[in-house]
Colleague: 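Sharing a structure here in structure tokens format.
These figures come from a predicted structure and were not determined experimentally.
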Amino acid sequence: MSDAEWAVVRDAMPVPGWLEGRGGQPEAYCHRQMVDAVRYLVAGGITWRAMPADFPAWERVYAFFRRWRNKGLVAEFHDRLRDRVREFAGRDREPTAGIIDAQSVKAAASVPAATRGFDGGKTVNGRKRHIVVDTLGLLLVVVVTAASVTDRDAGQTLLARLHERHWRIALVWADGRTGTSKDPDDPPHAAQPPCYIRGREPPGSRLI
């Protein structure tokens, strides 16, 4: 990443404990190298062992990523950057509306059969990612399931997580597969934000 990008990223990164006097030892590699290595791996879709020699050893990069993931720091880092983008766009940090959708992706042969399935509508054998984004297209929540799981069923879990993490969400747009119910007698989920099909939301909604 460029120096300008790193200046923004560095301020959003969680501070290591040893810098705040909370114990621990300084890390052997700088965070900029580690973040660049992880970004390269994600962008290229390569394996950890295929990490180029220009970056730190793949074992170190993987240990860095795993430690951050297990402690929730990857999600925290992402959320901080998203908040800054929203503020730069003149929005409040916490959104009041979202958009829900799903996409089936063909899985590699190495993906276990227990975590994959067949999406009859898209004729895809693999996994499905269910996401909620804000009105700027920034990621709020994601759930990955087998492709055989319907958008409607996964949507219940997705909306529950959305309610836990973004309490100000009052409106979620969806397509017909997610926004409708199989049974008209299904009980409403009062703790979750209302989910409306695009174009059928209540009038007068004000989004920030």
Side-chain angles (χ1 to χ4, degrees), residues 38-39 41-43 45 65-66 68-83 85-86 91 93-202 205 207-208:
V38 173
R39 292 176 68 230
L41 179 139
V42 173
F65 172 77
R66 182 179 59 186
W68 274 48
R69 179 197 61 194
N70 293 345
K71 293 183 178 180
L73 297 180
V74 173
E76 180 182 342
F77 180 39
H78 168 270
D79 292 347
R80 290 183 180 183
L81 290 176
R82 183 193 60 232
D83 292 346
V85 173
R86 286 186 57 84
R91 305 295 184 91
R93 284 195 170 198
E94 276 297 327
T96 60
I99 304 168
I100 187 173
D101 204 354
Q103 181 182 24
S104 295
V105 180
K106 184 178 180 180
S110 58
V111 175
T115 61
R116 64 192 299 163
F118 185 73
D119 182 348
K122 300 294 180 62
T123 64
V124 172
N125 188 343
R127 289 175 173 173
K128 183 182 292 186
R129 51 178 173 247
H130 310 264
I131 66 171
V132 178
V133 299
D134 64 10
T135 53
L136 296 178
L138 303 176
L139 185 64
L140 299 177
V141 184
V142 59
V143 171
V144 178
T145 68
S148 55
V149 176
T150 65
D151 297 356
R152 184 182 300 107
D153 292 339
Q156 299 301 327
T157 300
L158 201 62
L159 290 175
R161 292 189 183 182
L162 180 67
H163 176 71
E164 292 175 0
R165 301 180 184 181
H166 301 280
W167 56 274
R168 292 188 63 189
I169 291 285
L171 173 66
V172 177
W173 284 290
D175 58 22
R177 293 174 299 173
T178 307
T180 59
S181 173
K182 298 177 183 178
D183 187 348
D185 295 326
D186 283 348
H189 296 263
Q192 299 174 2
C195 188
Y196 299 103
I197 299 176
R198 182 178 292 276
R200 302 181 190 175
E201 63 274 7
S205 300
L207 310 179
I208 60 174

Colleague: Just so I know, are the side chains of D151 and K128 near enough to count as touching, which here means a heavy-atom distance under 4.5 Å?
Modeller: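 Yes, at least one pair of side-chain atoms sits under 4.5 Å.
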
Colleague: Holding to side chain to side chain donor-acceptor pair (under 3.5 Å), I want the full list of residues that pass it with R93, two or more places apart in sequence or in another chain.
Modeller: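 With neighbours one apart ignored, the set is E87.
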
Colleague: Please find the pair of heavy atoms, one from L136 and one from D134, that lie closest to each other, and give the distance.
Modeller: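 Result for this residue pair: N-OD1, 2.9 Å.
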
Colleague: Between V105 and R127, is any pair of side-chain heavy atoms under 4.5 Å apart?
Modeller: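 Not touching, per the 4.5 Å side-chain cut-off.
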
Colleague: Measure across A146 and G117 and return the closest heavy-atom pair with its distance rounded to 0.1 Å.
Modeller: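 Where A146 meets G117 most closely, the heavy atoms are CB-N, 3.8 Å.
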
Colleague: Specify the closest pair of heavy atoms between V74 and F65, including all atoms of both residues, with the distance to one decimal.
Modeller: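 Shortest heavy-atom contact: CG2-CE1, 4.2 Å.
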
Colleague: Enumerate the residue pairs fulfilling salt bridge (Lys or Arg N to Asp or Glu O under 4.0 Å) with a member in residues 104-118, sequence neighbours excluded, ordered by first and then second residue.
Modeller: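 Listed by first then second residue: nothing to list.
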
Colleague: Excluding sequence neighbours, so at least two apart, what forms side-chain contact (heavy atoms from CB on, under 4.5 Å) with E76?
Modeller: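 Once residues adjacent in sequence are excluded, the partners of E76 under the side-chain contact (heavy atoms from CB on, under 4.5 Å) criterion are P14, L73, R80.
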
Colleague: In Å, rounded to the nearest 0.5 Å, how long is the span from CG of L158 to CG of D153?
Modeller: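 CG of D153 is found 12.5 Å from CG of L158.
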
Colleague: Of the non-hydrogen atoms in W173 and T135, which two are nearest, and what is the gap between them?
Modeller: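 Closest pair (atom of W173, atom of T135, distance): CZ3-CG2, 3.9 Å.
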
Colleague: Do you know the tightest heavy-atom contact between T145 and H130?
Modeller: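 The pair with the smallest heavy-atom distance is OG1-NE2, 2.8 Å.
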
Colleague: With sequence neighbours left out, what residues match R129 under salt bridge (charged side-chain N to carboxylate O under 4.0 Å, His left out)?
Modeller: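 In terms of salt bridge (charged side-chain N to carboxylate O under 4.0 Å, His left out), with neighbours along the sequence ignored, R129 is linked to no residue.
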
Colleague: So, using side-chain contact (heavy atoms from CB on, under 4.5 Å) as the criterion, who are the partners of V85 when residues are at least two apart?
Modeller: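 In terms of side-chain contact (heavy atoms from CB on, under 4.5 Å), with neighbours along the sequence ignored, V85 is linked to L138.
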
Colleague: Closest heavy-atom contact between S104 and D119?
Modeller: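 For S104 versus D119, the nearest heavy atoms are OG-OD2, 2.6 Å.
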
Colleague: If I take atom OG1 from residue T96 and atom CH2 from residue W167, how far apart are they, to the nearest 0.5 angstrom?
Modeller: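 So the gap between those two atoms works out to 11.0 Å.
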
Colleague: Just to verify, what does D79 make a side-chain contact (heavy atoms from CB on, under 4.5 Å) with, not counting sequence neighbours?
Modeller: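 Applying side-chain contact (heavy atoms from CB on, under 4.5 Å) to D79 gives R82.
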
Colleague: Mind checking side chain to side chain donor-acceptor pair (under 3.5 Å) for S148 and listing every partner two or more places apart, or none if nothing turns up?
Modeller: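 S148: no side chain to side chain donor-acceptor pair (under 3.5 Å) contacts found.
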
Colleague: Could you tell me which residues satisfy side-chain contact (heavy atoms from CB on, under 4.5 Å) with R165, sequence neighbours excluded, listed by chain and number?
Modeller: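 Residues passing side-chain contact (heavy atoms from CB on, under 4.5 Å) with R165: none at all.
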
Colleague: Is any side-chain heavy atom of L140 closer than 4.5 Å to a side-chain heavy atom of I169?
Modeller: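 Touching, per the 4.5 Å side-chain cut-off.
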
